[in-house]
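If you're wondering where the values come from, they're calculated on a predicted model, not measured in any experiment.
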Amino acid sequence: MGIQLNGITGDITTPGDVGIGGTLTYEDVANVDSIGVITARDGIRCTGIVTATAFHGDGANLTGVSGFSTALSNTEGTLENLVFKTTEAFTIGSGTSIRIESDNMSGNTAFTRLSRINVSTGATFHVSAGTTFIMNVLSVF
């Protein structure tokens, strides 16, 4: 396993800690391994896929994850963490085309927590044949 530190290239094997004040670049991305803990004061940046047995923290800046509602607080063990809010309506903007289509694996059913979908002039909203679309699935509106 080779790393480069301030112009020095080579392998480092150590039973203790290795401190790096600058940037550590590791090119052999197929073989990055840590038995212990990697700690970074300014974050860890990865251009590839990060896989872990668990991720910890509030997840506030995650993208691509769809939640079903928003807790009033991120503090576990509080009532506000167990009380939720959700959007009542969504507007499909002009020039936008949306198609809702489910499949047999999902019972040909799609659903939303929304109570209302507003379709702007010039927008299209289509539920495909054979798909059952259920609105206000939480029955809160």
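- Between Ala123 and Gly93, the shortest heavy-atom contact is CB-O, 3.3 Å.
- Both Phe68 and Phe141 are assigned to one and the same hydrophobic cluster, defined by single-linkage of ILVMFWY side chains at heavy-atom distances under 4.5 Å.
- Separating the OG1 atom in Thr87 from the CZ atom in Arg113 is a distance of 5.5 Å, to the nearest 0.5 Å.
- Grouping the Ile, Leu, Val, Met, Phe, Trp and Tyr side chains by contacts below 4.5 angstrom, directly or via other members, places Phe84 apart from Leu79.
- Going from atom CD1 of Ile98 over to atom CZ of Phe90 covers 6.5 Å, rounded to the nearest 0.5 Å.
- Once rounded to the nearest 0.5 Å, the distance linking CG of Leu114 with CD of Glu88 reads 9.0 Å.
- Under the 4.5 Å side-chain heavy-atom criterion for grouping Ile, Leu, Val, Met, Phe, Trp and Tyr, Val83 is not connected to Val140 through any hydrophobic cluster.
- Once rounded to the nearest 0.5 Å, the distance linking NZ of Lys85 with OG of Ser69 reads 10.5 Å.
- Side-chain contact of Asn81 with Thr78: a donor-acceptor pair under 3.5 Å is absent, judged by distance alone.
- Rounded to the nearest 0.5 Å, atoms CZ (Phe133) and CD1 (Ile100) are 5.0 Å apart.
- Identified under the side chain to side chain donor-acceptor pair (under 3.5 Å) test for residues 124-134, with sequence neighbours left out: Ser97-Thr124, Arg99-His126, Arg99-Ser128.
- Checking each of Thr96, Ile92, Thr91 against Val119 for a side-chain contact (heavy atoms from CB on, under 4.5 Å) leaves exactly one that passes, namely Ile92.
- Between Asn108 and Glu101, every side-chain heavy-atom pair lies at or beyond the 4.5 Å cut-off.
- Of the possible donor and acceptor atoms, none in the side chain of Thr75 sits under 3.5 Å from a partner among the backbone N and O of Ser73.
- How far CG of Asn136 is from OG of Ser115: 5.0 Å, rounded to the nearest 0.5 Å.
- Between Val127 and Phe125, the shortest heavy-atom contact is CG2-CE2, 4.1 Å.
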